[in-house]
Each structure stands twice: as structure tokens, then as C-alpha cells.
Number of protein chains: 4
Amino acid sequence: MNTFGTIFRVSLFGESHGPVVGVTIDGCPTGMKLTEEELMTDLDRRRSGARGTTSRVEHDNPEILSGLYNGVTTGAPIVIVTRNTNKISADYDTLKNIPRPGHADMTSLVKYSGFADPRGGGHFSGRLTWGMVAAGTLAKKILSPAGVSAEVTEIGGTTETDRAIDDAIKEDDSVGGIIECRVTGLYPGLGEPFFDSVESKISHIVFSIPAIKGIEFGAGFKSAAMRGSEHNDLILSSSGTTLTNNAGGINGGISNGNEIFFRVAVKPTSSISKPQETIDISKNRLADLIIEGRHDVSIALRMPVIVESAAAIALADLKLIDRGVFGERENR
Amino acid sequence: MNTFGTIFRVSLFGESHGPVVGVTIDGCPTGMKLTEEELMTDLDRRRSGARGTTSRVEHDNPEILSGLYNGVTTGAPIVIVTRNTNKISADYDTLKNIPRPGHADMTSLVKYSGFADPRGGGHFSGRLTWGMVAAGTLAKKILSPAGVSAEVTEIGGTTETDRAIDDAIKEDDSVGGIIECRVTGLYPGLGEPFFDSVESKISHIVFSIPAIKGIEFGAGFKSAAMRGSEHNDLILSSSGTTLTNNAGGINGGISNGNEIFFRVAVKPTSSISKPQETIDISKNRLADLIIEGRHDVSIALRMPVIVESAAAIALADLKLIDRGVFGERENR
Amino acid sequence: MNTFGTIFRVSLFGESHGPVVGVTIDGCPTGMKLTEEELMTDLDRRRSGARGTTSRVEHDNPEILSGLYNGVTTGAPIVIVTRNTNKISADYDTLKNIPRPGHADMTSLVKYSGFADPRGGGHFSGRLTWGMVAAGTLAKKILSPAGVSAEVTEIGGTTETDRAIDDAIKEDDSVGGIIECRVTGLYPGLGEPFFDSVESKISHIVFSIPAIKGIEFGAGFKSAAMRGSEHNDLILSSSGTTLTNNAGGINGGISNGNEIFFRVAVKPTSSISKPQETIDISKNRLADLIIEGRHDVSIALRMPVIVESAAAIALADLKLIDRGVFGERENR
Amino acid sequence: MNTFGTIFRVSLFGESHGPVVGVTIDGCPTGMKLTEEELMTDLDRRRSGARGTTSRVEHDNPEILSGLYNGVTTGAPIVIVTRNTNKISADYDTLKNIPRPGHADMTSLVKYSGFADPRGGGHFSGRLTWGMVAAGTLAKKILSPAGVSAEVTEIGGTTETDRAIDDAIKEDDSVGGIIECRVTGLYPGLGEPFFDSVESKISHIVFSIPAIKGIEFGAGFKSAAMRGSEHNDLILSSSGTTLTNNAGGINGGISNGNEIFFRVAVKPTSSISKPQETIDISKNRLADLIIEGRHDVSIALRMPVIVESAAAIALADLKLIDRGVFGERENR
């Protein structure tokens with residue numbers, strides 16, 4: 001549904017063209033400082049504006065509605081919203097009977113019996129990730145001193161990302177990309193097998209981000225072509241440090257103290273300026289489709305901070321679960 | 001933890017060398033026939049014995065301990081176990097201070113403060129997937145008439161799987177592989193965004209299977225190198241049929257009525273006969289490691305039925321959630 | 001934590017003197033009409049103003065932030081808030097070191113390490129029940145045509161409620177009361193034993209309402225003094241109608257088609273004008289306490305709509321779970 | 001459904017006349033000793049045999065199927081079962097069309113569409129509480145040094161319990177009773193408002209025990225007749241000790257460090273030897289009913305250890321949640 005987590009629980013709400021998008025964070029430790037300025041640090045990284053991202057300027061200023069007192073978390077649920085101000089609904093009005101390929105238009109029509117908010121993708125808009133990033137700011141504090149960082153490593157199959165973006169722009173097209181994410185300084189022991197392995201939790205939340213089509217940990221898909229003698233990471237010390245990191249920092253679903261490493265595949269933005277065809281539901285025949293409006297050429301460009309946030313939320317939850325069941329790690 | 005699902009809830013328990021491994025299934029509709037023979041159909045596919053799998057002969061006969069009456073489900077939780085009979089604990093006794101690379105030996109030692117059952121991998125053994133397959137038999141019935149099927153498509157980077165297996169055997173090594181899974185005949189509308197997308201649910205449970213290191217849906221990692229005009233699947237009819245299936249049958253986290261398609265990367269078996277090095281924790285220096293015992297050359301060979309079961313469990317849960325919130329689909 | 005429910009999920013947030021109090025409702029069927037005027041019908045019943053309730057005039061107008069489009073539910077989470085406008089924080093400033101008896105002052109101080117919002121009871125304020133009533137409006141629609149109604153039947157141990165209120169007012173004191181709640185027209189079969197019996201779900205949410213100290217179903221505590229021959233309800237027809245209703249409409253944790261009936265005990269308001277003593281934490285000795293501000297003489301007077309809402313939320317969730325696992329009841 | 005708890009998770013399974021009844025405990029800290037003998041201490045208290053309890057002799061010996069190694073908990077789920085050996089199914093065969101008043105016969109028939117196991121009450125049998133008591137043994141260890149104890153204080157409306165039992169036996173009838181439960185030595189701060197108050201969690205699990213019809217905390221229903229000046233417990237010291245305990249050790253849903261105290265009402269056993277009438281479903285008219293078999297005259301007599309276990313399970317879960325979110329209490 002719209003909540004992720006067992007102890008550190010993150011819930012998203014809002015629609016692209018409704019009054020707000022926002023997030024509720026429950027199960028957050030007390031006494032953590034949080035300012036709207038701090039939130040802006042990550043939210044600004046998510047914001048559009050760079051070359052290849054939509055020209056829709058989002059007024060992303062967060063408003064903290066609950067859960068803080070004197071600037072610190074109180075133990076009550078934290079609700080953070082941002083108002084949707086830059087809404088041009090006209091762009092989307094013609095799309096009612098002509099579902100855009102690659103979008104949730106058709107599936108949400110069926111699932112919600114025609115009642116879903118269609119304006120700007122409604123609850124399916126990438127704008128919903130705003131709340132995930134806001135929650136990520138708190139999650140990262142919980143994980144501290146461990147650090148989470150992600151970056152774009154490929155666009156359109158090349159590391160020359162600017163060129164790939166330029167080419168796509170020229171052709172009124174969009175293009176996919178690869179994000180790599182690393183978590184450093186995380187102590188070993190997080191993860192709750194059988195079902196709540198580190199990979200399970202991270203992949204669960206990462207696949208809730210629109211446009212993600214693949215995830216791999218450590219050597220990932222390359223593992224399938226490897227030998228065991230090559231894939232096994234040599235353990236060098238009693239602290240668990242390994243020579244290589246084909247495991248991506250996870251054994252048996254539990255963090256092993258090395259860097260957590262994973263890569264995600266981001267599909268090209270579905271909305272493109274180039275003319276396309278799609279079904280016209282009212283006539284049950286193909287029709288031409290021109291998507292108006294402002295779109296990211298590569299949604300991957302805005303992904304790193306979202307992927308970081310997702311990973312941080314998953315790991316913060318695992319950290320609190322582990323502490324709950326097994327006690328403070330440093331005490332053991 | 002050890003339970004997956006919101007409505008159709010599957011819980012695994014047991015250890016490789018304990019009295020049993022088993023599964024509890026809660027939230028199962030009533031009046032479904034289930035025989036121990038039916039269970040054996042899938043359990044036999046998971047069983048070892050084929051070339052490249054361990055010579056440990058498992059007596060996998062299921063015993064249904066609760067939840068059935070007159071051969072049909074009653075609405076009460078279904079518990080199915082199998083006795084562990086073929087246990088050779090001596091194989092594992094020497095491993096206490098010398099964690100096997102690629103295994104959960106080191107991480108479980110840390111996480112469970114030395115209390116985890118070490119015999120045969122304990123609760124981390126691939127043997128735990130027995131219960132997942134048993135639950136899968138029921139999940140597949142819930143999904144019917146939709147069908148789930150998976151197969152090995154690559155071993156060691158080649159589609160000539162037998163050759164790759166032979167080569168690895170000759171070198172006392174192990175080798176990874178690729179599994180492809182397809183769900184056909186599934187109606188559109190399953191999936192509960194924002195967080196419980198079809199991809200989220202499937203990846204969550206698939207990554208709980210030991211040895212999985214990557215998953216991709218539809219065009220997957222190839223999407224990252226594609227253009228939007230190429231990736232977008234042309235919608236051909238009002239029923240949502242698409243010309244291509246780069247989306248893997250899922251848009252916006254919701255099934256679109258086309259085939260659900262995903263691929264998973266299976267790492268090579270960590271236990272190999274070839275000599276290796278690892279840390280000797282008691283001495284904090286490297287030591288030689290010879291892993292005795294019987295092991296799969298490629299765990300991927302036993303994976304298809306496990307991956308099918310995982311997918312079926314995730315989708316059965318989504319089907320019951322969808323029916324709970326939105327009513328019978330055919331009524332809408 | 002701050003979420004109740006498995007499918008129909010209600011989350012509360014906000015503080016008495018923060019910007020808002022509010023509620024998120026997830027897992028709500030689509031296509032349900034909801035207006036702010038409808039919400040006001042129940043919210044007005046909860047509002048203060050009657051004799052015996054606080055003179056704090058609450059501007060309770062609901063603002064729907066998400067989950068509706070064209071006035072109907074969309075399948076996305078519904079967030080409803082109301083602004084806190086009538087805040088007089090000065091009343092509470094002196095209470096920091098002198099915890100009010102009967103309140104959460106002392107326990108929240110300990111639990112949240114001094115970080116809880118103390119203004120007006122913070123997240124522990126009865127004002128949080130505003131969101132429960134707003135969610136109740138939707139829950140009642142889901143239960144329709146079944147109806148939920150509650151009333152005050154006793155104040156201060158007597159059915160002459162006005163006299164009991166007057167007496168308490170004269171003595172600058174407060175007084176407790178009894179609420180009775182009935183659910184009529186509910187079909188049999190709701191409830192998910194073993195753990196999610198109808199009584200379990202209703203009592204769980206009812207005991208989250210501040211000031212509730214007891215609950216009993218059907219004959220309740222009287223059952224303890226009864227004989228089986230007297231307590232057993234004679235089943236009169238194949239539809240399950242019973243002659244008496246000592247069971248309160250529930251057998252084996254499952255609704256039996258008769259009226260669901262339960263009573264709750266509401267303690268007297270903890271805040272009284274009468275002088276009291278309490279510990280002064282800073283000095284670790286008793287101190288005089290005068291509680292300023294505006295308080296309900298009997299919080300029970302505002303309870304009926306809150307108890308109704310709680311029961312409706314619990315039963316709506318059970319209705320959707322039952323439909324999820326077992327299908328539409330009318331289809332069976 | 002059949003699982004209770006967020007971190008410390010208890011799942012029950014089995015049927016009265018199936019192969020076993022049992023319990024799964026997930027989320028249990030590691031390194032806790034547990035022997036079958038220890039389990040028997042509480043299980044023996046639950047067992048029948050005393051005057052007023054059924055003459056069905058239960059062979060309650062527990063078998064630990066998983067989760068222990070070298071006699072201590074490993075972090076993996078603990079499954080404990082007992083075989084059902086003393087089964088006389090003939091007693092129940094005639095009841096198919098004539099639902100026993102006060103039982104779940106009629107409601108389970110409707111809910112499970114006729115598929116529920118009818119033998120001995122199936123999954124609705126009081127025998128299911130066996131697993132709750134087994135889990136309670138572990139829960140009590142988690143709560144230690146706090147202690148949980150319950151006792152019968154009234155049978156049939158009198159404290160002269162033996163006389164009430166004798167009278168009921170003479171008249172081939174059954175009789176209800178009152179159980180009081182106390183938790184001593186529990187530190188303050190447990191409970192997760194808004195929805196997971198101590199009262200919410202305890203009442204939730206207590207109402208899953210068959211035959212419970214009411215629960216009250218502290219002054220309970222008497223609170224409804226009290227004044228605030230009388231009900232408020234005077235706080236005597238900075239540690240939170242109060243002079244009286246009308247709150248039952250809980251303020252704002254959080255334990256306050258005083259004794260947790262609650263009372264539950266147990267209805268008379270529904271199965272009585274005295275002739276009764278009930279509907280004959282096949283003929284839709286009243287029929288005479290003689291219930292054969294062995295029954296407790298007062299199920300209340302076996303309740304104390306079950307109520308203790310329920311309370312311990314609820315509080316153990318709250319203890320681990322509190323530690324997860326807020327850290328070790330002693331560290332704060």
C-alpha cells in the first residue's frame with residue numbers, strides 16, 4: 001500500500017496536481033534535529049532545472065505539520081508537505097481516452113475503475129518521490145555515521161552522459177540510465193532473513209520509485225557468468241573485511257560490514273515530445289498522440305538522491321528492528 | 001522477519017539439520033483441494049539429484065499438520081513440514097572459527113551473537129526454500145487460471161548449460177546462472193502502489209531466496225540504454241495488449257494484462273570443493289579451507305520452481321489485497 | 001504505533017497546539033463520495049460547546065489534502081486535516097516539572113526522554129480523536145447498510161446525566177461515564193480469529209481513545225456471574241438470529257448477524273479546576289497544583305461519536321479483509 | 001489473522017482433533033535458555049484435571065521443532081507443537097446441523113462456507129491456547145525481572161469459588177468467573193500511542209482467548225462513577241510512584257512504573273450437560289440438544305496462566321518495539 005517499514009515507517013500521499021504532496025514518518029527516535037533548511041539540501045538535489053530535466057519549476061519548500069517541537073523530533077509522527085503551485089492541468093486533459101504508452105494511465109484506469117486522479121499522473125506522478133526524499137533526510141541521520149551516496153554512471157548506455165542527453169533532446173526523445181549507490185561505514189548485522197534480507201528491503205522500496213526496471217547487488221548479473229572461486233570474497237580479518245566485494249556487502253541477507261553496493265536501471269522517461277501512436281479507447285483503434293508539457297529527457301538525472309533516500313529508509317528500518325530484537329549492537 | 005505477505009501470509013521455519021523445515025500459510029481461501037501428492041509435483045522439481053546438484057538425497061515428503069479437513073483448506077493456518085533425515089553434521093563442525101567465503105557464516109555469527117545454529121547453514125540453508133515451494137503450490141492455485149513458469153536460460157554466461165556445468169565440475173568449482181520467469185493469463189490491475197508495486201513485491205520475496213544477486217523486469221537493464229520512443233510499448237487495444245513488452249507486463253507498479261516477465265541472476269554456489277583461503281577468527285590470520293560435503297555445482301539448476309513459487313506467493317497476496325480493497329474484479 | 005488496520009488503514013498525526021491535527025486513510029475503496037459537509041456531521045457531534053464540555057471553541061473545518069478527485073475517493077491515500085487555531089499555550093507552561101495526575105505528562109516525559117511536545121497534551125491530546133472521527137465517516141460508508149450508533153447511558157454512576165454533570169461543575173470536579181455502542185444490520189462472518197476477533201479489533205482501537213478504562217461485549221462482566229444455561233443465546237433460525245444477546249453479536253470472535261453490542265467505561269477528565277497535589281520533579285517533593293484552562297467536566301459527553309468511529313474503523317477493516325481472503329460474501 | 005505482534009510475533013496453528021496444536025515465535029532475542037521442562041511449568045497450570053475442569057487428559061508434552069540450538073534461542077523462528085492424542089471425534093459428529101449455542105459452530109459455518117474443521121471445535125477450540133502459554137514462557141523471560149501473575153478471584157459472582165463450582169456441577173451447568181492479572185516491576189515507558197497503547201495491545205490479545213467478554217484496567221468500570229479528584233492517582237515521587245492505582249499502571253497508554261492491573265470477565269463454558277434447544281439447520285426448526293463429552297464446568301479455572309501469557313506476549317512486544325525506536329531504556 002502506501003506505507004513502507006516495520007518500525008521506521010514512511011507513508012506517502014498526495015497527487016501531482018492536488019493541494020500537496022507529502023510524507024508521514026512514524027517510529028522515528030526522539031531528540032533528532034530537523035530544520036526545513038536541512039530538508040532543502042536533499043530536496044534541491046531532486047528538484048528539476050538542470051539540463052535534461054523538466055522546466056516545470058517546483059516550489060518545493062517543505063512545511064513540517066507535526067512531530068517536531070523546538071526543532072527536534074518528539075516521538076510523534078512527523079508530517080511534511082509541500083504545496084503544489086505550478087500546475088498546468090490543460091496539458092493532461094486530452095489524455096483521458098488515449099492512454100500514454102509506458103505510463104500508468106491504462107493500468108490505473110482499470111485498477112481504480114476510472115476514479116483515479118488523472119491530472120499530471122495523479123498519485124503516480126514522480127512528484128510523489130518528494131516525500132521519499134524528505135523522509136530520507138531523517139533516515140540518513142538514523143544511519144549516521146554510515147553514509148549513503150548515489151550517482152548517475154551511465155545515460156543511454158554510455159558514461160558520456162552529456163552527449164547522450166544532447167542527442168536525445170535533439171531527437172525530441174528521452175533516454176534511460178544507470179544509478180550506482182553505495183553505503184559506507186555501516187556496521188555488520190543488519191537484515192532480517194528469511195524474508196527481510198537487506199536486498200529484499202532495498203529492492204522493495206527502490207522498485208516503488210517510478211521508472212526503475214532492474215536492480216543488482218555487488219557483482220549482480222555478472223555473478224551469473226562467474227565461478228564460485230572467483231565470486232567468493234576472501235575474508236581478510238576478524239572484522240569481516242573482504243578483498244573483493246562481489247557480494248555487495250551482504251551475505252545471507254545480512255550486512256557484512258563492507259560497502260553496500262547496488263546498481264539500478266532507470267528506463268527512459270515515458271513522456272516524449274516525439275509523436276507516438278496509442279489506442280483511442282473510445283474508438284478502440286490507434287490514434288496519434290502528441291504529449292504536450294514539460295518533461296525530463298532523462299528521469300535518471302534526478303534519481304540519485306531518490307535512490308539514496310530509498311536505501312536509507314530501508315536500512316534505517318532494519319537498524320531499528322535489529323536494535324529492537326537484539327539490543328544495542330555496541331552492547332553485545 | 002520470517003513472514004511475507006499482508007493477506008496471504010507465508011512464514012518459514014526450521015533449520016537444515018534440525019528436526020524439520022516447514023511453512024505456515026495464513027489467509028488462504030477455503031475449499032481449496034490440497035494433497036501431499038500435489039505438493040510433491042513442485043517439491044520434486046526442487047529436489048536434488050540431477051547432474052550438477054548435490055548428491056544429498058532429501059526425503060522431502062510433506063506432512064500437513066493443520067489447516068486441512070477432508071482434503072480441503074478450512075480457513076485456518078496451514079502448516080506443512082518435512083523431516084530432516086539425511087543429516088551429516090560432521091561436515092560442518094570444523095567451520096566454527098573459519099567462516100566460509102560467500103556464506104552467511106560470518107554475518108550470522110555477528111548478528112546472532114554466536115547463537116545461530118551452524119549445522120548445515122542452519123536457518124540460512126537453501127533447504128528453507130522447501131517451504132516456499134510448498135506454499136507456492138497453494139499460491140499458484142489462487143492465481144489460476146493464470147500460470148507461472150520459470151526456466152534456466154543461462155549457466156556460466158552461456159546457453160549451453162550442460163557444457164558449463166561439466167566444465168565447473170571438472171575444476172571442482174561452481175557456476176552461476178540466469179532464470180527467466182513468466183506469468184501468463186494474469187488480469188490487469190494487480191499491484192498496490194506507492195510501495196507495494198508488482199516489482200516491489202516480487203523482488204522482495206525473490207531476494208529472500210539465497211544466492212539471488214539481481215532482478216530485472218521486462219527490458220530491465222537494457223532499458224538504461226534505450227530511448228523512450230523505443231522503450232514505450234505500443235498499446236494495441238482497449239484491453240491493454242501491447243506490441244512489445246519492455247515493461248515486463250507492469251506499468252506504474254500495476255499489472256497491465258500482458259505477460260509478466262522478469263529475469264534473476266543466481267550467483268555460483270559458495271561452497272566449492274576447490275581449496276580456498278579464509279580468515280581463522282581464533283587466530284585472526286588467513287587459513288586454508290577445504291569444504292567437505294555434498295554441494296550443488298550450480299544452485300541455479302534448482303531455482304526455477306523456487307522462483308516460480310516466490311512470484312506466485314507475491315501475486316497471490318496482491319490478488320487478495322486487490323479483492324479486499326476494491327472487490328471482485330469481475331464485478332467491477 | 002500511529003496506524004491501525006491491515007487493509008483499511010487509519011493513521012493519526014498532529015498535536016494539540018501544533019499547526020494541525022489530521023488523519024490518513026489508506027486502503028479505501030474507490031468511487032465513494034465524500035464532502036467536507038458530510039465530515040462535519042460527525043465532527044460537529046464531537047465538537048465541544050454543550051454543557052459539561054470545554055468552552056474552547058474548536059474550528060474543526062476539515063481540509064481534504066489528497067485522495068479525492070471530483071468529490072470521490074480515487075484509491076490513493078486520503079489525508080484530512082484541520083488547523084489548530086484556538087491555542088492558549090500559556091495555560092500549560094507551568095506544568096513542565098509538575099506532572100498532572102491522571103495525565104500522560106509523566107509517562108511521556110520518560111518515554112520520549114523529555115522531547116515530547118508538552119503544549120496542551122501534545123500528541124496525547126483528546127484533540128487527536130478528531131482524525132478518528134473523520135476516518136469514521138468513511139468507515140461507516142463502507143459498512144453501510146449496517147449502522148453504528150453510540151450514546152451516553154450513565155454519568156457518575158447514574159442515568160440522570162444532567163444532574164451528575166451539574167453536581168460535578170459545582171464542585172470544580174469532573175466525572176466519568178458509560179457509553180453504549182450498537183452495530184445493527186451487519187452480516188455474519190466478520191472477524192479473523194485466532195488473533196483478530198471482532199472483540200480484539202474493536203477493543204484495540206477503543207482503548208486508543210484517551211480516558212477509556214474498560215470494555216465489555218454483550219453481557220460482559222455480568223457473564224462472570226452467570227450459568228451457561230442462562231448465558232447461551234438460543235439460536236432461533238438458520239440465519240442465526242438469537243433470542244437473547246449475551247454474546248453481544250459475536251461467537252468465536254466472528255459476528256453472528258445479531259446486533260453487535262458493547263459498553264465502555266470512560267474515566268473522569270483528569271484536568272479539574274479543584275486544587276490538587278502532585279510531585280514537583282525538580283524538587284522531588286509534593287507541590288500544590290492548580291490546573292488553569294478550559295476542560296470538559298465529563299469527557300464522556302463527547303465520546304459517543306468517537307466510539308462509533310472507532311468501531312466502524314475496526315469493522316470496515318474486518319469487512320475488507322474478509323472480502324480479500326474469502327471473496328464477496330454475497331457470492332458465496 | 002493468526003499472528004500477533006510487531007517485533008515479538010506469535011502465531012498459533014492447529015486444530016483440536018488435528019495432528020497437533022502449536023505456536024511459532026518470531027523476533028525472539030538470541031541466547032535465551034528454553035527447556036521442555038520449563039515449558040511444562042506453565043503448560044501444567046493450563047492443563048485440565050482439577051475439580052471443575054474437563055476429564056479429557058491432555059498429553060501436553062511440548063516438542064520444539066526449530067529455533068533452538070544447544071538449548072538456547074538462535075534468532076530463528078521457534079516452533080513448538082504438541083501432538084493431539086486423546087481425540088474422541090464421535091462426540092461431535094451429531095452437531096453438524098445443530099449448532100451449539102454460545103459456540104462458534106454457526107459463525108464458522110458461515111464464515112468458512114462449511115469448510116471449517118468441526119471436530120472438537122477445530123481451530124476454535126480452547127486447546128489453541130496451549131501455544132499461547134508456550135509462547136508466554138518466552139515472553140515472561142523477555143520481561144524479566146518484571147513478573148506477571150494472574151488468579152481466579154470470583155466464580156459465579158462469589159469469591160467462594162469452590163461452592164460455585166459444586167453448585168454448577170450438581171445442576172449439570174457451567175459457570176463464569178473473574179480473573180485478575182498483575183504485572184509488577186515493569187519499568188515506565190512501554191506502550192506506543194496513539195494506537196498501540198498498553199491497554200490496546202493487552203486487550204487485543206486477551207480478547208482472542210475464547211470465552212473472554214470483558215476487560216478493565218485499574219478502576220475500570222468503577223471509573224465511570226468516579227470523580228476526577230477521586231480517580232486521579234497522586235504522584236508521590238520523581239520515579240512516578242502513585243498513592244493509588246486507579247489508572248492500573250498506565251497513563252496515556254504508557255506504563256507508569258506502578259503495577260499494571262487488569263481484570264477480565266470469563267463467560268460460563270458454552271458446552272453444558274444440561275439439555276438445551278437450538279436450531280436444526282437442515283429443518284429450520286428448533287431441536288433438542290444434548291452435548292456429550294467432557295467439558296470444563298468453569299473455563300475460568302484454567303484461565304490464569306493463559307491470561308498471564310497473553311499479557312506477557314503483548315508487553316514483550318512493546319518492550320522490543322520501544323527498544324527498537326528509542327534505544328535501550330537504561331541508556332537514556
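Throughout, protein chains are lettered first and strands after them, A, B, ... in sequence-line order, and every chain is numbered starting at 1. All values reported here derive from a predicted model rather than from experimental measurement.
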Turns out that what part of D/Glu230 lies under 4.5 Å from chain C's heavy atoms comes down to neither
Tell me, side chain or backbone of D/Ser229 under 4.5 Å from chain C's heavy atoms, or both, or neither? both
Charged N to carboxylate O below 4.0 Å: is that the case for C/Lys111 and D/Glu192? yes
Do D/His204 and C/Asp196 have a side chain donor and acceptor closer than 3.5 Å? yes
At a heavy-atom separation under 4.5 Å, does C/Ser197 approach chain D through its side chain, its backbone, both, or neither? side chain
C/Ser11, C/Gly248, C/Ser271, C/Gly177: which one forms the most heavy-atom pairs within less than 4.5 Å of chain D? C/Gly177
Interchain contact, C/Thr158 with chain D, by part (heavy-atom threshold 4.5 Å): neither
For D/Ile178 and C/Ala224 the tightest heavy-atom approach is CD1-CB, 3.5 Å
With under 30° as parallel and over 60° as perpendicular, where do the rings of C/Phe217 and D/Phe207 fit, or are they tilted in between? perpendicular
I want to check something: taking the side chain as every heavy atom from C-beta on, are C/Met132 and D/Phe194 in contact at a cut-off of under 4.5 Å? yes
Leading residue by heavy atom contact count with chain C [cutoff under 4.5 Å; candidates D/Glu171, D/Arg285, D/Lys274]: D/Glu171
Identify which part of C/Asn284 has an atom lying under 4.5 Å from any heavy atom of chain D, answering side chain, backbone, both or neither. both
So what's closer than 4.5 Å to chain C heavy atoms on D/Ile272: side chain, backbone, both or neither? side chain
Could you tell me how the ring of C/Phe195 sits relative to the ring of D/Phe4: parallel (under 30°), tilted (30 to 60°) or perpendicular (over 60°)? tilted
Shorter than 4.5 Å, heavy atoms on both sides: which option in C/Gly157, C/Ser108, C/Gly228 has the most such pairs with chain D? C/Gly228
Heavy-atom pair of closest approach, residues C/Met106 and D/Ile235: CB-CD1, 4.5 Å
Taking every heavy-atom pair that is under 4.5 Å apart, which of D/Ser239, D/Ala300, D/Gly252 has the most such pairs with chain C? D/Gly252
So which residue, D/Ser237, D/Gly253, D/Pro210, D/Pro188, ends up with the most heavy-atom pairs under 4.5 Å with chain C? D/Ser237
Chain C contact via D/Met1 - side chain, backbone, both or neither, heavy atoms under 4.5 Å: both
Give the member of D/Ala168, D/Ser203, D/Gly191 that has the highest number of heavy-atom pairs under 4.5 Å with chain C. D/Ser203
Below 4.5 Å, heavy-atom pairs only: which of C/Asn256, C/Val325, C/Leu234 has the largest tally toward chain D? C/Leu234
Against chain D, label C/Val264 side chain, backbone, both or neither, depending on which of its atoms sit under 4.5 Å from a heavy atom there. backbone
I need the residue from C/Thr269, C/Asn246, C/Leu236, C/Ile209 with the largest number of non-hydrogen atom pairs under 4.5 Å to chain D. C/Leu236
Tell me, out of D/Ala247, D/Gly240, D/Ala225, who's got the most heavy-atom pairs with chain C below 4.5 Å. D/Ala225
Is D/Val206 in contact with chain C via its backbone, its side chain, both, or neither, using a 4.5 Å heavy-atom distance? neither
Side-chain heavy-atom pair D/Arg227, C/Asp167 within 4.5 angstrom cut-off: yes
So which part of D/Lys267 gets closer than 4.5 Å to some heavy atom of chain C, the side chain, the backbone, both or neither? both
Honestly, the part of D/Glu277 sitting under 4.5 Å from a heavy atom of chain C is both
Sort D/Leu12 into side chain, backbone, both or neither according to what part of it lies under 4.5 angstrom from a heavy atom of chain C. both
Proximal component of D/Ser298, with respect to chain C [non-hydrogen, under 4.5 Å]: neither
Given heavy-atom pairs under 4.5 angstrom as the criterion, report whether the side chain, backbone, both or neither of C/Leu286 touches chain D. side chain
Using non-hydrogen atoms only, which part of C/Val175 is less than 4.5 Å away from chain D: side chain, backbone, both, or neither? both
Would you say the side chain of D/Asn232 lies within less than 4.5 Å of the side chain of C/Gln276, judging by non-hydrogen atoms? yes
Could you tell me which of C/Gly218, C/Ala164, C/Ala104 has the largest number of non-hydrogen atom pairs under 4.5 Å with chain D? C/Ala104
pair D/Ile254-C/Val110: side-chain heavy atoms closer than 4.5 Å: no
Check each atom of D/Ile321 against the heavy atoms of chain C and say whether the ones under 4.5 Å are side chain, backbone, both or neither. side chain
Compute the centroid of each ring, for C/Phe326 and then for D/Tyr112, and state whether the two points are separated by less than 6.0 Å. yes
Least distance between heavy atoms, C/Ser223 atom then D/Pro268 atom: O-CD, 3.2 Å
Taking all atoms of both residues into account, what is the closest heavy-atom pair of C/Gly220 and D/Ala265, and its distance? O-CB, 3.8 Å
If we define contacts as heavy-atom pairs under 4.5 Å, which of C/Ser282, C/Gly214, C/Ser238 has the most with chain D? C/Ser238
Side chain / backbone / both / neither for D/Ser255 at chain C, heavy atoms under 4.5 Å: backbone
Best-contacting candidate, D/Thr107, D/Val10, D/Leu190, against chain C by heavy atom pairs under 4.5 angstrom: D/Thr107
Using side-chain heavy atoms (C-beta onward) and a distance below 4.5 Å, is C/Ile215 in contact with D/Ile215? yes
Is it the side chain or the backbone of C/Thr242 that comes within 4.5 Å of chain D heavy atoms, both, or neither? neither
With a 4.5 Å heavy-atom cut-off, do D/Phe221 and C/Arg263 have their side chains touching? yes
